[in-house]
Amino acid sequence: MSPEVALPVIIPFIAGALSLIFYKSHAAQRWIGVVGTGALLIASIVLLYNTYTQGILVMEMGNWPAPFGIVLVSDLLGAIMTVLAAIMGFAVAIYSLPTISKDHEAFGYYPLTHLLLAGVCGAFLTGDVFNLYVWVEVLLVASFALLILGGERAQMEGAIKYVALNLLSSIMLLTAVGLTYGLTGTLNMADLAVKLPEVEDQGLVTVVAMLYLVSFGIKAGAFPLFFWLPASYHTPPVAVSALFAGLLTKVGVYALFRFFTLLFNHDVGYTHELLLWMSGFTMITGVLGAAYHYEIRRILSFHIVSQIGYMIMGLALFTPLAIVGGVFYIMHHIIVKANLFLVGGVVYFLRGSYELKEIGGLWRTKPWLGLLFLVPALSLAGLPPLSGFFGKYIIIRAGVEAESWGIVAVALVVGLLTLYSMIKIWAEAFWKAQPEEHEERAAQFERTLSDKSLALMILPIAALAAMTVFIGLGAQPIYELADAAAEQLLDSTHYIQAVLGETP
Amino acid sequence: MLIAVLSGFILAAFAPWLTRSLGDKAGWILALLPAGLFAYFLTWVPVVITDGAQVVHYPWIPGLDISLSILVDGLSLLFALLISGIGTFIIIYAGGYLHGHEDLPRFYAIMFSFMAAMLGVVLSNNIITLFVFWELTSITSYLLIGFHHEQKDARWFALQGLLVTVGGGLALLAGLIMLALAGGGSFELSEILANEDLREYGFYTGMVILILAGTFTKSAQVPFHFWLPNAMAAPTPVSAFLHSATMVKAGVYLMARLNPGIGGTELWLYALGIFGALTMFTGSFMALRSTGLKAVLAYTTIMALGTLTMLIGIGTEQAIIAAMTFLLAHALYKASLFMLAGALDHETGTKDITKLGGLRRLMPITFVTACIAALSLAGLPPLFGFIAKELMFEAALQAPTIGLFFTVLAVLSAIMIVAMAAVFALRPFIGDLKETPKKPHEAPLSMLIGPVVLASLSLIFGLVGFLPAAALVAPAVESVYGAPIDFDLYLWHGINLPLMLSVLAVALGLLLFWKWNAVLAVFSRMTFIDRFGPERGYEKLMDGLVWLAAWQTRLLQNGYMRNYLITIVLTTVALTGWTLFVHAGSPMPLGDISFSLHEIVVAGLVVMGAIVASVTSSRLGAVATLGMVGFGIALIYVFFSAPDLGTTQIMVETLTVILLVLVLFRLPSFQKLSSTASRMRDAVVAVSLGGLMTLLILAVNAVEVTEPISDQLVAWSYPEAHGRNIVNVILVDFRALDTLGEIFVVGLAAIGVYAMIRLRAEDKAK
Amino acid sequence: METIMAFVVGALFAASIYMMLRRSIVKLVIGLILLSNAANLLIFTVSGLTRGLPPLIPEGSSLPAGGWADPLPQALVLTAIVIGFGVLAFAVVLIHRAYEVINEDDLDKMRSTDT
Amino acid sequence: MNSMGSLILRTTARFLLPLLLLFSVFVLLRGHDEPGGGFIAGLVAAVGFALYLFAFDAARTKPLLVMEPQVMVGAGLLAATVSGILPVFAGLPFFTALWWPVEMPGFGEVKFSTPLIFDIGVYMVVLGSVMKIILALAEAEE
């Protein structure tokens with residue numbers, strides 16, 4: 001028994017429940033916010049360490065042996081994702097202290113974030129397909145509520161699309177789970193990995209795989225299913241955007257990695273070829289969307305889409321190195337993307353706008369902020385020696401080795417266009433002088449921002465930037481981790497044996 | 001050695017602080033680092049001469065075959081000496097040029113990073129590390145070019161340089177990875193180049209093109225040359241460094257480095273030779289059309305880069321000797337000339353040659369130094385540039401193919417360069433003193449020491465050419481050629497064809513100088529060059545990109561919910577349906593169609609309810625039929641042995657209807673908003689998904705499941721879990737985690753609803 | 001009966017998608033409710049329909065008498081129903097609130113966040 | 001609420017609420033063996049309160065809930081979660097059912113267990129959530 005596997009779910013659940021009970025005291029909620037996410041971070045790091053040293057950990061809920069009860073499974077991918085979720089949660093919890101308004105606190109901001117994290121961690125750790133659906137719903141409803149906090153017009157418009165399209169995705173997932181049970185009579189992933197190949201009509205398995213592909217594709221924001229994301233991600237408070245940007249789509253990506261390595265690896269020539277096309281178009285459409293926009297959060301939102309393409313590309317190439325690249329890329333991306341939103345938030349609190357045409361002059365007045373922007377921005381664009389370069393390098397190398405020239409070309413060109421939009425933000429917000437017509441507002445915002453608030457905002461940003469630099473310069477341990485994770489993913493016997501305790 | 005390479009980065013971190021605390025002397029003191037490095041690299045010269053190439057290995061990311069190993073041979077040492085040597089003077093110079101500028105501290109920080117990155121490029125033995133430094137030079141040079149970042153032009157040109165070089169860099173990355181694969185998997189240059197059969201690699205052509213895409217963009221070869229003159233938006237110290245020893249030379253370095261491994265093929269010869277020659281000619285021609293001090297120099301840099309590329313492409317012994325000699329000569333005079341141009345600009349306030357004149361008395365040192373450096377540029381004896389140019393002519397004449405083409409272009413370029421060298425060295429200084437924005441006087445020592453020393457070196461090396469040949473050029477030639485070559489560098493090598501060509505070039509060049517005003521008048525009217533040049537291509541490409549981005553984003557992310565839905569639904573139908581059609585083998589069995597009357601009635605009611613709900617124009621009707629569907633489904637659950645489900649469904653349905661009634665009737669009544677055509681389209685989309693689901697159910701139902709896990713759950717339910725209602729036992733025990741998640745969903749929904757409603761109430765209160 | 005139910009479920013899916021494609025946000029939500037019902041019924045159907053054998057264990061026995069309907073899909077559907085209820089309650093109030101803020105029922109007039 | 005017929009409604013509601021609450025407890029407790037369970041029970045109770053709310057108003061209904069619905073949701077969630085954690089202290093995995101048969105005078109043996117705590121948590125969450133939604137809607141009306 002490994003109780004640490006359940007802790008990343010239990011801790012935010014308790015923190016969320018406590019925040020609800022103390023809903024009248026905002027101070028208590030803030031404390032619970034920081035302490036709860038801090039505890040989650042520690043628990044998840046312990047989990048990752050134990051998973052790395054002891055192999056895949058399994059927790060049979062209710063003491064019912066797999067495949068009959070629900071199991072929580074921590075393999076390296078799951079544990080890595082959990083740690084990343086916890087890092088995000090902790091960083092955003094600190095960032096929220098000065099940036100979340102009293103209204104939002106009064107209407108459940110803190111319990112919602114805890115439960116969002118619980119849902120995300122649950123999705124990463126569960127070893128049961130229906131349970132995955134439940135976690136996805138938990139994080140989805142939490143995100144719905146976070147998205148509309150504030151009740152502005154844009155939030156409402158964005159939320160309607162977000163809710164409707166994500167519900168569609170959930171229903172497809174539910175449908176696929178139902179069909180899976182109808183096909184195999186089991187819900188446990190490891191058991192499915194054993195029983196799916198025994199299904200007589202393998203074509204039907206591929207058909208069900210397609211339903212999962214669409215459902216997770218919507219969640220991941222892949223082409224041509226991503227519409228909900230650019231429609232809504234720029235509307236909530238920036239801390240929420242950062243949390244969403246770092247985590248939500250990655251649940252979809254994680255699920256794709258899990259399902260298309262463990263369960264659907266019987267017809268790689270077909271399913272993964274489809275994924276490859278999907279990844280190419282995802283990269284292109286996302287990056288072009290970003291090139292079109294002039295609002296920081298919209299640019300960043302579209303880049304989420306395009307970056308998802310790189311991760312899926314790693315999965316789609318399906319060579320050991322490519323999977324390593326995919327996992328590495330996910331690690332790098334979550335940190336960098338969330339950080340960019342956080343920096344965008346600081347820009348907003350200093351200038352009063354996210355519109356690039358209305359702001360400027362930050363390099364002159366806040367050079368350190370410029371550096372803190374450049375680190376994640378250049379990393380996102382894949383420039384060395386930051387984390388993004390190594391992620392991209394692994395994936396490109398895998399593509400070259402597989403002689404998939406088309407996707408390599410796309411990945412390279414999209415990298416250049418990513419640089420283009422990051423530089424756009426840099427040149428406009430930092431290099432350009434502050435446009436005079438908006439100078440008054442900018443000055444007023446900069447005056448009202450207290451030093452203490454600014455420090456609390458910079459703290460998580462600097463920490464995440466340091467991680468970006470570390471993943472770049474010290475890529476070896478991260479690579480080893482990704483390599484070990486990929487090895488587990490590609491050889492499903494590890495997983496099956498850990499869960500079912502038998503050799504298939 | 002590693003510390004030597006990385007010391008620039010370390011100093012960069014402290015440079016802003018040092019600059020502030022050292023004040024006026026900052027430039028002189030900071031220059032100690034590159035000076036020290038220069039001395040350090042000098043100590044390696046005897047090592048390399050006696051023991052050959054040295055590889056020092058430091059681990060970095062072994063898992064990805066990335067190491068910090070360092071390759072010290074003639075070529076890398078020549079470059080390292082140029083970078084650190086010229087860098088020393090540049091740092092001193094910048095202290096004078098940007099004296100008192102508020103951004104000087106961060107300028108030094110970026111400058112040292114740039115220098116370190118450049119050292120990294122030329123000293124890396126690992127191709128990925130080389131690439132890392134390569135990209136670092138791009139990004140740091142971006143920050144340097146955009147130094148005057150509040151000016152729109154500076155930002156635009158900085159971006160241009162960045163996009164062109166990084167774009168090429170990305171192609172280079174792919175090319176380098178292929179190179180490693182071609183070499184059997186090693187990423188170490190020393191091992192790759194030892195490989196004999198790189199040229200037999202299956203994708204050799206693609207690999208070379210990708211690598212050249214990187215080097216050509218970096219080294220400003222036609223048609224990518226346009227970014228380089230624009231990069232003069234940078235302050236002059238940057239331009240001087242960028243053009244003479246760094247950045248643009250990185251491309252040349254890499255081609256020279258890879259020449260022994262992948263060079264020598266027809267592709268290599270033609271690609272490098274032709275593009276190089278054209279670049280050489282274009283550079284000289286554009287220089288002739290320019291009137292800016294820095295512009296003239298920038299175009300002559302393009303000429304030099306073209307010459308080097310051409311020579312590496314030709315690849316014969318003479319060509320490589322010429323290339324390395326030319327490289328050294330160019331670095332010396334170009335750095336010197338740029339710094340002088342900066343001094344002129346700095347002291348007079350203008351960079352336009354036509355607005356300068358008669359400065360020889362006011363700026364005598366500048367004048368003399370400019371003359372010496374320009375003589376080297378023009379390739380006249382007794383300067384080092386002369387030796388280099390003679391060798392170049394000889395190499396062109398003896399090229400394995402199309403020698404005539406190379407020679408003609410080389411001579412034409414030489415003519416124009418002679419003219420421009422004369423223009424640069426004489427026009428600002430002779431004649432009458434012209435009115436300038438600032439009152440001119442001699443530049444400070446910090447700005448003169450560099451040009452004077454470097455120009456003197458041009459002279460000394462010219463007079464005693466064997467010195468550099470033995471120490472610097474010969475080992476470099478050996479690295480590039482791949483085998484040792486015995487040669488000497490002499491000013492005088494008899495009256496031969498190259499000398500005749502030189503005489504011709506000088507004569508015609510001086511004629512051109514004499515008539516420069518007229519030439520300029522003619523050329524400046526030839527605006528089609530600007531209208532149709534590759535820079536327009538770049539601009540069109542950028543415009544096209546913005547247009548494409550706008551077009552596709554408006555097309556896809558158009559804001560219409562139903563378009564999103566249709567896209568998603570059709571994608572689902574296409575993927576799933578196509579897979580079902582192609583892959584699912586067995587014909588669809590019809591399955592069990594037995595039914596009893598009450599079942600079929602309820603089923604019919606459900607379908608009817610659904611259809612009526614979707615077409616009715618009355619809100620009440622829609623809600624009522626929706627309720628009917630819900631209760632019908634509840635009955636179906638009850639009919640088929642699921643009492644708990646039936647009860648729950650009824651409860652939920654009741655609450656849903658209550659909610660709908662409470663909430664929806666505050667909304668406007670239904671309107672007919674869509675046209676009949678779009679209704680038809682929607683119906684087709686909807687039915688296709690519905691049909692797909694029907695097919696899926698039929699297909700899955702045909703599959704017999706032998707042992708569902710629920711059998712075990714049923715068996716355990718009472719003895720182990722002490723419950724008789726198996727569904728409830730599953731909910732609270734076997735799958736309690738699901739239920740826990742479920743109640744969290746319900747709780748979350750309540751919070752969300754509460755927040756929405758209460759926020760509204762607060763709005764109203766306000 | 002499974003075959004007939006397959007068509008019923010298909011019809012429910014079709015009706016719900018058709019509803020969701022309308023421009024009115026009210027119809028969108030009604031479509032979502034139908035969709036949720038359709039998926040639940042699908043799970044119930046694909047795992048086989050059994051008449052008159054609820055998974056209840058009578059007193060004094062340790063197994064349901066004379067066979068049983070598969071209880072697991074029932075539990076799944078029950079969970080899904082409840083989750084669906086929570087989510088849809090949210091969605092219903094959301095469109096209500098959206099209407100108050102935007103004063104529009106027409107989805108085509110809610111495009112400002114996309115373009 | 002309009003006053004016509006409200007007298008009947010009020011009387012019924014007053015009468016029905018305790019009955020429904022009692023019934024809901026019954027449904028909750030027997031859920032493990034017969035159709036029922038925390039979810040259905042919670043809904044039954046919620047219907048009772050909803051009826052009361054329609055008959056009277058939010059202000060008079062709220063105190064009957066004993067605690068704020070928000071707190072009830074939180075407490076329910078906490079109870080359910082804690083019931084899953086309890087077995088860990090006994091060295092068993094999360095959510096392992098623990099049973100404590102208790103002899104209750106008049107009822108016979110009552111099986112007190114963590115699944116029961118869990119179901120009570122479900123009951124509270126459902127009741128609290130539904131009440132929260134309905135109360136919020138009703139208060140917004142007023």
Side-chain angles (χ1 to χ4, degrees), chain A residues 68 129-131 133-134 136-138 140-142 144-145 147-148 150-168 170-187 208 227-235 289 292-293 295 297-298 301, chain C residues 2 9 13 16-17 19-21 25 27-29 31-48 70 72-73 75-77 79-104 107 109-115:
Chain A
F68 305 106
V129 284
F130 187 79
N131 196 234
Y133 160 77
V134 173
V136 167
E137 292 291 303
V138 171
L140 209 54
V141 180
F144 290 168
L147 195 62
I148 52 90
E152 286 159 24
R153 179 186 171 131
Q155 287 181 301
M156 291 296 155
E157 289 187 19
I160 286 180
K161 284 163 193 148
Y162 181 92
V163 168
L165 296 179
N166 272 293
L167 278 186
L168 183 62
S170 300
I171 298 287
M172 282 185 192
L173 175 57
L174 185 60
T175 307
V177 170
L179 294 172
T180 311
Y181 184 75
L183 271 182
T184 59
T186 186
L187 296 167
V208 175
F227 308 107
W228 58 272
L229 194 157
S232 62
Y233 263 28
H234 56 96
T235 59
Y292 167 66
H293 278 293
E295 204 257 43
R297 290 180 303 174
R298 287 178 193 243
S301 298
Chain C
E2 276 96 343
V9 173
F13 267 104
S16 66
I17 294 294
M19 285 296 270
M20 288 175 74
L21 288 172
I25 44 175
K27 291 191 176 176
L28 175 72
V29 164
L32 282 173
I33 296 174
L34 276 178
L35 190 65
S36 173
N37 275 327
N40 293 340
L41 206 51
L42 180 138
I43 300 178
F44 194 64
T45 307
V46 285
S47 47
D70 192 341
L72 187 56
L76 303 187
V77 172
T79 308
I81 291 176
V82 179
I83 288 178
F85 167 69
V87 173
L88 291 168
F90 181 88
V92 168
V93 180
L94 170 67
I95 58 158
H96 177 48
R97 175 81 176 126
Y99 176 73
E100 284 187 336
V101 175
I102 307 167
N103 226 349
E104 270 297 344
L107 276 167
K109 304 219 169 94
M110 301 184 189
R111 298 170 53 213
S112 70
T113 56
D114 290 59
T115 46

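Quantities reported herein were computed from a predicted structural model and do not represent experimental measurements. Proteins get letters first, then strands, A, B, ... in listed order; numbering begins at 1 in each.
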Answer with side chain, backbone, both or neither: which region of A/Glu152 has an atom nearer than 4.5 Å to a non-hydrogen atom of chain C? backbone

With a 4.5 angstrom heavy-atom cut-off, is it the side chain or the backbone of A/Thr235 that approaches chain C, or both, or neither? side chain

A/Lys161 with A/Glu157: basic N within carboxylate O range, under 4.0 Å: no

Below 4.5 Å, heavy-atom pairs only: which of C/Ala91, C/Pro73, C/Gly31 has the largest tally toward chain A? C/Pro73

Between C/Val46, C/Ile102, C/Ile43, who has the most heavy-atom pairs with chain A when the cutoff is under 4.5 Å? C/Ile102

Need one label for A/Ile148: side chain, backbone, both or neither, based on atoms under 4.5 Å from any heavy atom in chain C. side chain

Side chain, backbone, both or neither: which part of A/Phe144 has an atom under 4.5 Å from a heavy atom of chain C? both

Which bit of C/Leu32 comes within less than 4.5 Å of chain A, counting heavy atoms only: side chain, backbone, both or neither? side chain

Please state whether the side chain, the backbone, both or neither of C/Tyr99 comes within less than 4.5 Å of a heavy atom of chain A. neither

Part of A/Tyr133 within contact of chain C (heavy atom distance under 4.5 Å): side chain

With a 4.5 Å cut-off on heavy-atom pairs, point out which of C/Leu76, C/Leu42, C/Leu35, C/Val87 contacts chain A the most. C/Leu76

Against chain C, label A/Leu140 side chain, backbone, both or neither, depending on which of its atoms sit under 4.5 Å from a heavy atom there. neither

